[in-house]
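For reference, the structure discussed in these notes is given below.
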Amino acid sequence: SQQGEEDPQALSIQEGENATMNCSYKTSINNLQWYRQNSGRGLVHLILIRSNEREKHSGRLRVTLDTSKKSSSLLITASRAADTASYFCATDKGNNRLAFGKGNQVVVIP
Amino acid sequence: KAGVTQTPRYLIKTRGQQVTLSCSPISGHRSVSWYQQTPGQGLQFLFEYFSETQRNKGNFPGRFSGRQFSNSRSEMNVSTLELGDSALYLCASSPDTGSYEQYFGPGTRLTVT
């Protein structure tokens, strides 16, 4: 079954720097989504990008999708301490059954 | 609108017991999905309900079951608990089935001793 896989899995950066995470998957998808999770709490939806889209922006977030390479990237610009969290990509075939990657732990140092 | 709520937030059970977890979706959302999160396996899809019908089921044993009521509220049940069932159980709702972002609740932390 398809599953997102993030790379790198742990990232430590200074406040104000940019953070980039990558995600790869194995089969065709309808859309790919990114979520954030703080300290084992519920997931917060960040952005959804459909298979016919190449790039999407939301505030300080920029997501790209390359369906030919089956990969996506999440860029957080001008990071803040509050961005410290785990970030997950999840693929969706269009049936609400999300397949999550292992997650990317990001620590933003003030 | 109020977010997704899950009850209880924490639960401690003994091996062999059964447990029922509850989820109330965002008002107007008809799809409810359940996920299990463990350090070893990560986030895994359990099942999805839409209009009181199970639409999708993940690769979990039959001890895991669920249902959805006419008001879209959902429950999941785990029977004959095992130590490996200790996990964070997350419920998510979306307006409809297919191609929508999902809104997650805070989760129920289940510990099996």
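Excluded from the calculations below are hydrogen atoms, water molecules and symmetry mates; all remaining heavy atoms, backbone and side chain alike, are included. In what follows, every chain begins at residue 1, and chains take the letters A, B, ... in the order their sequences are listed.
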Taking everything shown except A:R60 itself, do over 12 heavy atoms lie less than 6.0 Å from its CZ?
yes

Under a 3.5 Å distance rule, please check whether A:N96 uses its side chain to pair with a backbone N or O of B:S93 as donor and acceptor.
no

Do we see a donor-acceptor contact under 3.5 Å between the side chains of A:Q37 and B:Q37?
yes

Gap separating the OH atom of B:Y100 from the CG atom of A:N30, nearest 0.5 angstrom:
11.0 Å

Under 4.5 Å, heavy atom to heavy atom: which of residues 57-66 of chain B reach chain A? Give them by number, or say none.
B:K57, B:G58, B:N59

Could you check whether atom CG of A:L75 has more than 12 heavy atoms from other residues, nucleotides or ligands sitting under 6.0 Å from it?
yes

CG of A:L48 to CD of B:Q102, rounded to nearest 0.5 Å, is 10.0 Å

Per-residue contact mode, B:Q6 against chain A (heavy atom under 4.5 angstrom):
neither

Excluding sequence neighbours, so at least two apart, what forms ring pair (Phe, Tyr, Trp, His ring centres under 6.0 Å) with B:Y35?
A:F100, B:F45, B:F104

For a side-chain contact (heavy atoms from CB on, under 4.5 Å) check, start with the C-alpha distance between A:R97 and B:E48, then their side-chain angles and the critical distance, and finish with the verdict.
CA-CA 7 Å; A:R97 179 174 176 162; B:E48 184 221 3; over 6 Å; no

Find out whether B:S33 and A:L98 are in side-chain contact, i.e. whether some heavy atom of one side chain is under 4.5 Å from a heavy atom of the other.
no

With clusters defined by side-chain heavy atoms of hydrophobic residues (ILVMFWY) lying less than 4.5 Å apart, directly or transitively, does B:L83 cluster with B:L81?
yes

A:I47 side, atom CD1; B:E101 side, atom CD - distance, nearest 0.5 Å
10.5 Å

